[in-house]
Amino acid sequence: MPELPEVETVKRVLKNKLSGLVIKNIKLNYAKTIEYPLSEIFIKNIINQKINDVKRRGKWLIFDLDDYYLLSHLRMEGKYNFKSNGDLENKHEHVIFYLSDNTELRYQDTRKFGRMHLINKADLDTYSKLLELGYEPWDDQLTVKYLKDKYKNKKLAVKSVVLDQSIIVGIGNIYADEILFLSHINPLKSANLLTDKELTSIIVNTKDVLTKAIALGGTTIRTFSAGDNHGNFQDQLLVHGKEKQACLVCGDIIKKIKVGGRGTYYCPTCQK
DNA sequence: GTGACCACCTGGCCGC
DNA sequence: TGCGGCCAGGTGGTCA
């Protein structure tokens, strides 16, 4: 399940392999992957566009083409595979880009949740999907004052609020558990009751956890991969997926509960 | 404005 | 062995 570190890892691989290549043709096996514009227009416009760069904003990949930006969200299980011409297609490869070096970039998504948008270059700064996003974890404007203001009316559990992409981008279910564990915050605590010290911890640990995860290539859980790379951060996880195991800090047993419909792992002693 | 709930999807797992 | 039901979770839409 790609979160910011996984998307950043994918971005680096794609940028390295795709820069300068031209999309010569495209095959769409699952039309709903294209959310905007209509798939016919999407195909017509993207053919013969050169890939100049690949960027990231939150969990969105942004392909910088000649006349357009291709936005790609991997959602739960989306990933990109590099294949040679003629390689057998698997049934989960929904979009195939035929490239000018006679290779293929294939978008694979087992659960078909991922979506793509092709927008005019002039629209990037005002496009709603990106406009609604909050600050990147390393943005200088991500401060205690900012979080306090955003959280002041949020009675929701902090676990649910840190997943809110309109406040801080890139945190998903796995890293939310890790960040709250390192911050010694109970995931059920109301966001509007967090102290300045706790907000500071969230900011610091968000940066630390995501930075380490990127350095290790993300977290490989079930299906994430980026080209030939598999993440190694899963070895560093302290609570996520550790139900009924001993907490590495205090020895208490890690619990699993549901918060906002999400599976949530925490240590009852470290996160009172 | 806020929060709860549901839909989108498929594969893996579990119990029967 | 086969079947049905549940679970996983990021995001958007709807409704109270």
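Just the heavy atoms: all of them, side chains too, but no hydrogens, waters or symmetry mates, feed the values below. Every chain is numbered from 1 and lettered A, B, ... according to where its sequence line falls, protein lines coming before strand lines.
- For C:dG9, the OP1/OP2 oxygens have a side-chain nitrogen or oxygen of A:N173 closer than 4.0 Å.
- The aromatic rings of A:F181 and A:H184 are tilted relative to each other, their planes meeting at an angle between 30° and 60°.
- Considering only side-chain N and O atoms, A:K258 lies nowhere under 4.0 angstrom from the phosphate OP1 or OP2 of C:dG9.
- Stacking between A:F113 and the base of B:dC8 is present: ring centres sit under 5.5 Å apart and the planes differ by under 30 degrees.
- Checking A:K32 against A:N153, the closest nucleotide of DNA chain B that is more toward the 5' end is the one next to A:N153.
- With hydrogens and angles ignored, no donor-acceptor pair closer than 3.5 Å exists between the side chain of A:R75 and the base of C:dG9.
- Taking atom NZ on A:K59 and atom P on C:dG9, their separation rounds to 12 Å, with Å as the unit.
- The separation between A:D109 atom CG and C:dT11 atom C1' is 13 Å, rounded to whole Å.
- Not a single donor-acceptor pair under 3.5 Å links the side chain of A:E198 to the backbone N or O of A:S183.
- Rounded to a whole Å, the CZ atom of A:R262 is 12 Å from the C1' atom of B:dC5.
- Considering only the side chain of A:K112, B:dC9 comes nearest among B:dG3, B:dG11, B:dC9.
- Distance CD (A:E6) to P (C:dG10): 11 Å, rounded to an integer number of Å.
- A ring-ring contact (aromatic ring centres under 6.0 Å, His included) with A:H117 is found for exactly one of A:Y69, A:W60, A:F63, A:Y68, namely A:W60.
- For the pair A:K91 and B:dT10, the criterion of a side-chain N or O lying under 4.0 Å from OP1 or OP2 is not met.
- Atom CH2 of A:W60 is separated from atom C1' of C:dG12 by 11 Å (rounded to the nearest Å).
- Rounded to whole Å, the distance from CG on A:D164 to C1' on B:dT2 is 11 Å.
- In this structure, CD of A:E93 is placed 19 Å from P of B:dC9, rounded to the nearest angstrom.
- Distances shown here put every side-chain N or O of A:Q165 at or beyond 4.0 Å from the OP1 or OP2 atom of C:dG10.
- With hydrogens and angles ignored, a donor-acceptor pair closer than 3.5 Å exists between the side chain of A:R111 and the base of C:dG9.
- The 5' end of DNA chain B is approached more closely, in terms of each residue's nearest nucleotide, by A:K154 than by the other of A:K154 and A:H92.
- The phosphate of C:dG10 has neither OP1 nor OP2 within less than 4.0 Å of any side-chain N or O from A:H73.
- In this structure, the side chains of A:F82 and A:K17 come closer than 4.5 Å at one or more pairs of heavy atoms.
- Distances from the side chain of A:K256 to the nucleotides B:dC9, C:dG9, C:dA8 place C:dA8 closest.
- Comparing B:dG3, B:dT10, C:dG10 by their closest approach to the side chain of A:L156 singles out B:dG3.
- In this structure, A:Y135 has its ring center under 6.0 Å from that of A:Y146.
- Using a cutoff of 4.0 Å between basic side-chain nitrogens and carboxylate oxygens, A:D64 and A:K55 are scored as salt-bridged.
- Protein atom CD1 of A:I257 is 13 Å distant from nucleotide atom P of C:dG9, rounded to whole Å.
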